[in-house]
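Worksheet for the structure shown next.
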Amino acid sequence: MMQRIEHPWNLPPKQAIDLQKQLSRKVIRKSTIKTNAVRKVAGIDTAYRGGVACAAAVVLQFEDLETIEYKTAARPVAFPYVPGLLSFREGPVILAALNELKSTPDLLIFDGQGIAHPRRLGIASHIGLLVDIPSIGCAKSKLVGHYEQPGEKRGSFSYLTYHDETIGAVVRTRRRVKPVYVSIGHRVNLRESIKFVLHCCKGYRLPETTRRADKLSRKKLLIH
DNA sequence: GCGACAG
DNA sequence: ATCTTGTCGC
């Protein structure tokens, strides 16, 4: 997949912020796709360990969420975690992983914010803009904004507001489960973003035990 | 000055 | 995000 826009990454915070302000003006908040036209959706996330960042990009068939392919990439960590500048930390390694993909996704879903960001350029908007592919931000926690707790039923949601503007939605993907923070990334409106996220969470189940709990229970079995 | 603060 | 002990809930 080819990048439409390129720019330096290892910038001082002040310059990174200026760049975000410039790039955010190019983000398209309207939907340029038809739900029926989305055949391949990619999920992107990054992990860290010992000074190395590892990004994974998994392409799924939108219809049944069957895996088509996945690629990973690793890079030395070259930027600290600074709230609001996450894309400068994960951008390079994520782009490396995306470049390894043989297929081109119709939609990208990121673990982070889209325009629900101080300068309206969260990681989903930033990367979506650079590769010019419709993208959605789907975060586990809030960066900015205010909201009312959404209903408990799956699919219920409330709007995330910031400076008298709707910047995203707090969506219940499943009962009894913490809601996710959905926001426009690039070339997709909020309405569609919520629909896509709910579709992709269909049938999802939290692991019965976390790895930690699993280890503990195993240890107890050995003791007993 | 104080609180908030994606991953 | 990662590390990591104990604790609460189903």
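Throughout, a chain's letter reflects where its sequence line sits, starting with A, and its residues are numbered from 1.
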Check whether any side-chain N or O of [X] sits under 3.5 Å from a backbone N or O of [Y] as a donor-acceptor pair, and report yes or no.
X: A:Thr46; Y: A:Ala55; value: no
X: A:Arg89; Y: A:Phe79; value: yes
X: A:Arg120; Y: A:His117; value: yes
X: A:Lys142; Y: A:Gly145; value: yes
X: A:Arg172; Y: A:Gly151; value: yes

To the nearest Å, how far apart are [X] [atom1] and [N] [atom2]?
X: A:Ile136; N: B:dA6; atom1: CD1; atom2: C1'; value: 16 Å
X: A:Leu86; N: C:dT2; atom1: CG; atom2: C1'; value: 15 Å
X: A:Arg75; N: C:dA1; atom1: CZ; atom2: C1'; value: 19 Å
X: A:Ile94; N: B:dA6; atom1: CD1; atom2: P; value: 16 Å
X: A:Phe79; N: B:dG7; atom1: CZ; atom2: C1'; value: 13 Å
X: A:Asp45; N: B:dG7; atom1: CG; atom2: C1'; value: 8 Å
X: A:Glu90; N: B:dG7; atom1: CD; atom2: P; value: 9 Å
X: A:Lys140; N: B:dG7; atom1: NZ; atom2: C1'; value: 7 Å

Those residues that, when tested against A:Arg176, pass side chain to side chain donor-acceptor pair (under 3.5 Å) (two or more places apart):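 Expected list: none.
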Carboxylate-amine/guanidinium contact A:Arg29 A:Glu165, below 4.0 Å: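 Counted as a salt bridge, because a side-chain N and a carboxylate O are separated by less than 4.0 Å.
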Within a strict 4.5 Å, meaning less than it, do heavy atoms of the [X] and [Y] side chains meet?
X: A:Leu86; Y: A:Glu90; value: yes
X: A:Val27; Y: A:Ile115; value: yes
X: A:Val59; Y: A:Val41; value: no
X: A:Leu101; Y: A:Met1; value: yes

From CD1 (A:Ile94) to CG (A:Asp45), nearest 0.5 Å: 7.5 Å
Any residue of residues 115-132 of chain A with a heavy atom less than 4.0 Å from an atom of DNA chain B: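 Those residues are A:His117, A:Gly122, A:Ile123.
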Residues within residues 161-169 of chain A bordering DNA chain B, heavy-atom distance below 4.0 Å: none
Parallel, tilted or perpendicular: rings of A:Trp9 and A:His7 (30°, 60°):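 Plane angle between 30° and 60°, so tilted.
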Touch class at under 4.0 angstrom, heavy-atom based, for A:Ala53 against every strand present: nothing
Sugar-phosphate only, base, or nothing, as touched by A:Gly84 at under 4.0 Å among non-hydrogen atoms: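 Touches a base.
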Watson-Crick and G-U pairing of DNA chain B, under 3.5 Å, as dot-bracket with | and [ ]: .......
Residues A:Ser103 and A:Glu69: side-chain donor-acceptor under 3.5 angstrom: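 Yes, A:Glu69 and A:Ser103 have a side-chain donor paired with an acceptor closer than 3.5 Å.
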Pair A:Glu192-A:Asn189, side-chain donor/acceptor within less than 3.5 Å: no
Minimum-distance nucleotide to A:Arg176 side chain [options: C:dT2, C:dC10, B:dG7]: C:dC10
Aromatic ring proximity, centroids under 6.0 angstrom, A:Phe62 and A:His199: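 Yes; A:Phe62 has its ring centre under 6.0 Å from that of A:His199.
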Watson-Crick or G-U stems of DNA chain C, 3 or more pairs, under 3.5 Å, by first number: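 Listed by first number, the stems come to none.
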Between the protein and nucleotides 2-5 of chain B, list the N/O to N/O atom pairs that are separated by less than 3.5 angstrom.
none

